[in-house]
Amino acid sequence: MKPKPSSRALRRVIRRALKQGVPAPDAEDLATAAWERAAERYDRDRGSFDAFFEQVGRTVVQDWWRKVKRRREFHLAEEPVAPPDNARLEQVFANQQRLLEALADDERDVFLTWALQKHLPQGQLTAPEAARRLGLTVADFNNAKRRLADRIRKLAASWGLEPRDFFSVNDREGPRRRNHVHG
């Protein structure tokens with residue numbers, strides 16, 4: 001008979017996968033895969049099944065991310081994207097400078113922290129840590145980001161620009177749209 005993980009260990013494996021950005025249905029599938037792999041390889045003489053199951057769960061999630069990353073790299077390599085021309089880059093840079101100069105100091109701090117949080121590897125700068133660095137709660141940080149996004153849209157509109165005019169990437173790679181579904 002296969003050993004079964006405790007409900008606590010199962011929740012921990014799923015929770016860890018979710019924290020690492022795995023979609024909920026995939027997290028549950030990965031927990032099942034980890035259970036099957038752990039049950040096949042478990043040796044009672046080496047410790048508890050729950051501890052072994054959680055370790056296997058970490059490995060399964062890492063393997064899943066490696067596959068996702070390879071798949072994304074393959075798709076990116078499949079369709080090369082032409083770099084923007086220098087004139088476009090210069091205009092984008094001018095737009096960015098104008099935007100940063102128009103922001104108040106506290107707005108600029110939120111903007112820079114938000115940008116770091118988005119572009120550092122996942123988990124490198126968590127929302128609680130980012131908020132703490134600004135002297136805010138997570139809720140206040142999220143509200144500040146929302147207000148800042150609205151302010152940027154209003155500034156862009158007043159200058160006759162679209163939000164995309166601040167980015168040096170093409171439309172396919174640009175900032176996420178609220179209604180856009182990611183695959």
Side-chain angles (χ1 to χ4, degrees), residues 1-81 110-150 163-164 167 169-183:
M1 184 172 174
K2 280 185 181 180
K4 292 183 180 178
S6 67
S7 59
R8 181 174 179 240
L10 185 60
R11 282 192 308 271
R12 287 177 69 164
V13 168
I14 292 171
R15 193 175 321 122
R16 175 169 286 151
L18 292 172
K19 280 184 178 180
Q20 291 180 352
V22 174
D26 291 332
E28 293 170 3
D29 292 344
L30 292 176
T32 302
W35 173 39
E36 290 170 356
R37 189 183 297 180
E40 289 172 8
R41 299 175 181 166
Y42 178 59
D43 178 5
R44 290 186 192 283
D45 298 333
R46 299 195 68 191
S48 78
F49 181 72
D50 282 353
F52 183 64
F53 167 67
E54 288 183 39
Q55 178 58 47
V56 171
R58 282 189 286 276
T59 302
V60 167
V61 170
Q62 288 171 348
D63 291 346
W64 183 87
W65 271 114
R66 283 185 193 109
K67 281 184 195 173
V68 168
K69 185 178 176 187
R70 277 194 300 267
R71 203 173 316 131
R72 286 180 182 162
E73 287 172 355
F74 174 74
H75 288 299
L76 288 176
E78 207 174 62
E79 302 173 28
V81 177
V110 170
F111 181 82
L112 294 174
T113 304
W114 187 11
L116 278 175
Q117 184 188 17
K118 284 228 162 277
H119 296 288
L120 287 174
Q122 186 170 359
Q124 193 83 25
L125 181 60
T126 62
E129 177 64 19
R132 186 189 64 74
R133 289 178 184 215
L134 293 171
L136 301 171
T137 66
V138 173
D140 289 340
F141 180 48
N142 289 334
N143 287 333
K145 290 188 297 186
R146 238 182 319 286
R147 284 191 306 273
L148 182 59
D150 288 342
R164 290 198 162 297
F167 298 96
V169 294
N170 70 26
D171 287 342
R172 266 190 38 237
E173 296 174 315
R176 295 180 186 146
R177 294 185 182 123
R178 290 178 194 233
N179 297 329
H180 182 69
V181 176
H182 296 283

Any residue meeting salt bridge (charged side-chain N to carboxylate O under 4.0 Å, His left out) with R132, in chain and number order, not counting sequence neighbours:
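For R132 the salt bridge (charged side-chain N to carboxylate O under 4.0 Å, His left out) partners, ignoring immediate neighbours, are E129.
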With E36 via salt bridge (charged side-chain N to carboxylate O under 4.0 Å, His left out) - residues at least two apart
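Once residues adjacent in sequence are excluded, E36 has no partner under the salt bridge (charged side-chain N to carboxylate O under 4.0 Å, His left out) criterion.
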Report yes if the side chains of [X] and [Y] come closer than 4.5 Å at any heavy-atom pair, otherwise no.
X    : Y    : value
R133 : L116 : no
K4   : W35  : yes
D63  : K67  : no

Nearest 0.5 Å, please: how far is CG in L30 from OG1 in T59?
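Going from the OG1 atom of T59 to the CG atom of L30 covers 11.5 Å.
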With sequence neighbours excluded, residues passing side-chain contact (heavy atoms from CB on, under 4.5 Å) with [X]:
X    : value
R15  : R11, R12, K19
V110 : L134, F141, A144, K145, L148
Q20  : R16, V61, W65
D29  : D26

How close do [X] and [Y] get, counting heavy atoms only, and between which atoms?
X    : Y    : answer
A31  : L10  : CB-CD1, 3.9 Å
L125 : Q117 : O-CG, 3.3 Å
G57  : A34  : CA-CB, 3.6 Å
A33  : V60  : CB-CG1, 4.4 Å

Under 3.5 Å, side-chain donor or acceptor atoms of residues 40-50 against the rest of the protein: list the pairs with distances, not counting sequence neighbours.
from	atom 1	to	atom 2	distance (Å)
Y42	OH	G47	O	2.7
Y42	OH	F49	N	3.4
D43	OD1	D45	N	3.2
S48	OG	A51	N	3.1
D50	OD1	S6	N	2.9
D50	OD2	S6	OG	2.7

Would you find a donor on one side and an acceptor on the other, under 3.5 Å apart, between the side chain of W114 and the backbone of N142?
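Flag not set: sc W114 to bb N142 has no pair under 3.5 Å.
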